[in-house]
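These notes are about the structure you will find just below.
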Amino acid sequence: MISKRPWLFLIAILISSSFIYSFLQSQRIVKAIQQLQQTSPNSFSIADHVGGDALADVTAKKTNEIKSWGCHNTDAPFIFVHIDKAGGGSVRARLSLGATNVTKKQWKETDGSFYPVDEDNQAVFKSSNHNNNLAFPGYATFEGSQQCQAVTPLGIAACFEASTNYAKNHPTCLKKDEKCLEVYAGHNSLGNEMHWLPDQQLDSWWNITAGSHIRNQANMSSLSQIMESILKENNLPNDRHSKNLSAGKYKRNFATNIQLLTSELDELATQIVTPQDYENNGWSTLYETLPVLRATMIREPFSWLLSNFLWHSNQLEGKNCSDDKDILWAHRFALKQIHFLCGEDCKLAFTLKLTTIDRMEKQAAANLRRSISVVGLLNETDTFYEMINKRVKYINIPMDLKKGLNG
């Protein structure tokens with residue numbers, strides 16, 4: 001049989017090899033994270049290695065302390081984490097209206113409007129442009145999806161974004177740019193931006209946070225250089241700067257260079273967060289220090305659950321929302337909200353059975369306190385828009401509803 005159909009035998013070998021490789025890599029990460037969990041909180045201090053840098057300042061904060069973001073921030077991109085059925089559609093329209101020189105009649109349209117970030121830079125509005133990362137292929141998302149098995153924010157940075165036409169769809173956010181000039185809204189979990197932020201922006205963040213400790217050990221000047229070095233050492237192609245990285249090419253690369261990069265960076269992440277901080281906040285410290293501005297809108301839980309049930313009723317096989325014998329539908333929606341707030345790493349790690357709901361809840365709570373600059377309530381939308389206007393210098397959302405754009 002093998003001699004008659006050698007290609008079947010080769011395919012079987014490739015599948016088996018890929019599975020074994022993935023298993024071995026995941027075991028490495030499990031071991032590293034377990035060591036991080038079990039290490040005495042006093043055995044390692046990031047401050048000993050990086051002095052008074054941003055990460056050390058963050059880890060010194062109290063666990064339950066809410067971050068003070070100040071006003072008139074110019075960090076970019078601005079990212080709205082759109083949680084399903086929590087008023088996100090209206091928020092997108094209002095964000096679009098908060099630009100300068102708006103002439104479009106529908107918020108989804110493209111016109112010459114922009115956001116004056118500073119004297120040299122202008123941001124533009126983008127909606128659902130960035131792929132969601134999934135641990136395993138199998139279902140599509142509104143934004144598009146690609147496979148990624150990273151379980152830390154650093155690992156997600158290695159899952160560079162695939163697109164049928166990257167340059168056309170992301171003209172303001174290319175890997176070669178200094179920073180991503182977008183006001184972005186999408187059904188993406190917090191931290192999804194790790195895989196589409198430009199290298200220069202990630203490198204700048206790396207150098208002022210955890211990078212000094214790791215850079216001295218690895219003799220590397222930047223995060224992107226570390227990734228390029230890993231690929232070069234393993235004789236693998238470097239497609240991270242491709243302007244037209246097709247989804248098909250991304251899939252072909254996944255079993256080799258992408259998986260290798262994610263596993264190496266996941267392990268690297270376990271070296272830059274203190275055990276005590278990880279126990280209290282998960283990877284929230286890394287998300288908090290990233291030079292971006294995030295906002296989200298949340299909703300009173302019972303009306304939110306009911307709205308999800310009615311909206312997704314076609315997927316619930318005729319269940320009744322009052323049926324107390326089967327509330328898995330409620331568990332599914334609640335879990336999805338935790339993933340939005342906890343981060344892209346939580347969604348992937350939970351699918352791979354490498355984290356727990358308790359840990360995700362801690363990280364989600366920490367992100368709400370310290371990684372999201374504006375958290376709004378659906379029943380207090382005016383306050384939400386006012387806070388965005390005060391906190392973000394380049395967004396000016398009109399408070400007059402009569403000037404709103406149709407959905």
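Heads up: numbering here begins at 1 and tracks the sequence.
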Flag side-chain contact, heavy atom, 4.5 Å: Phe350 against Leu335: yes
Any Asn207 side-chain heavy atom under 4.5 Å of Leu223 side chain: no
Check: Asn133 main-chain N/O paired with Glu344 side-chain donor or acceptor under 3.5 Å: yes
Separation of Cys346 SG from Arg359 CZ (nearest 0.5 Å): 11.0 Å
Ser307 side chain vs Ser303 backbone, donor-acceptor pair below 3.5 Å: no
Closest approach of Ile372 to Trp69 (non-hydrogen atoms, all atoms of both residues): O-NE1, 3.5 Å
N/O donor-acceptor pair under 3.5 Å between Glu279 side chain and Asp277 backbone: no
pair Leu197-Leu290: side-chain heavy atoms closer than 4.5 Å: yes
Heavy-atom side-chain contact between Arg92 and Ser128 under 4.5 Å: yes
Verdict with supporting geometry, His195 and Cys148, side chain to side chain contact (heavy atoms under 4.5 Å, CB included): CA-CA 10 Å; His195 86 285; Cys148 178; over 6 Å; no
Closest contact, heavy atoms only, Phe114 versus Ala99: O-CB, 3.4 Å
Side-chain heavy atoms of Trp283 within contact of Tyr278, under 4.5 Å: yes
Taking every non-hydrogen atom, the tightest pair across Asp118 and Lys179: OD2-NZ, 4.1 Å
Ring-ring centroid check Trp311 Phe333, cutoff 6.0 Å: no
Atom CZ of Phe142 with >12 non-hydrogen neighbours under 6.0 angstrom: no
Nearest atoms (heavy-atom pairs only) where Ile156 meets Tyr287: CD1-OH, 4.1 Å
Partner of Ile298 under side chain to side chain contact (heavy atoms under 4.5 Å, CB included), chosen from Val81, Leu378, Val375: Val375
Separation between OG1 of Thr351 and NE2 of His339, rounded to the nearest 0.5 Å: 6.5 Å
Atom pair CZ/CG of Phe136 and Leu348 - distance to nearest 0.5 Å: 10.0 Å
Gap separating the CD atom of Glu264 from the CD1 atom of Ile226, nearest 0.5 angstrom: 10.5 Å
Derivation and outcome, side chain to side chain contact (heavy atoms under 4.5 Å, CB included), residues Ser224 and Leu202: CA-CA 8 Å; Ser224 59; Leu202 286 176; over 6 Å; no
From Asp382 atom CG to Ile397 atom CD1, the distance as rounded to the nearest 0.5 Å: 10.5 Å
Side chain to side chain contact (heavy atoms under 4.5 Å, CB included) between Tyr115 and Gln122, intermediate numbers included: CA-CA 5 Å; Tyr115 304 85; Gln122 296 178 349; over 6 Å; no
Modelled atom types, side-chain donor and acceptor of Trp205 and Thr289, under 3.5 Å: yes
Heavy-atom donor-acceptor pair, Asp203 side chain to Ser222 backbone, under 3.5 Å: no
Any donor-acceptor pair under 3.5 Å from Ser373 side chain to Arg294 backbone: yes
Residue pair Phe80 / Met297: nearest heavy atoms and the distance that separates them: CE1-N, 3.7 Å
Shortest non-hydrogen contact from His130 toward Glu143: O-CB, 3.2 Å
Donor on one side chain, acceptor on other, Asp111 and Ser113, under 3.5 Å: yes
Derivation of the side chain to side chain contact (heavy atoms under 4.5 Å, CB included) call for Tyr385 and Val91: CA-CA 9 Å; Tyr385 298 132; Val91 174; 3.7 Å; yes
Sidechain-backbone polar pair: Trp304 side chain, Asp84 backbone, donor-acceptor under 3.5 Å: yes
Beyond-backbone contact of Asp345 with Thr355, side-chain heavy atoms, under 4.5 angstrom: no
Flag, side chain of His82 to backbone of Gly186, donor-acceptor distance under 3.5 Å: no
Geometric cation-pi criterion Lys104 and Trp107, 6.0 Å radius, 45° cone: no
Rounded distance [0.5 Å steps], CG in Leu154 versus CG in Leu261: 12.0 Å
Main-chain N/O of Gln201 paired to Ser204 side chain as donor or acceptor, under 3.5 Å: no
Backbone N/O of Ala135 and side chain of Gln149: donor-acceptor pair under 3.5 Å: yes
Heavy-atom side-chain proximity of Tyr394 to Leu293 below 4.5 angstrom: yes
Heavy-atom side-chain proximity of Leu286 to Ile272 below 4.5 angstrom: yes
Short side-chain to backbone donor-acceptor contact, Asp266 and Ala150, under 3.5 Å: no
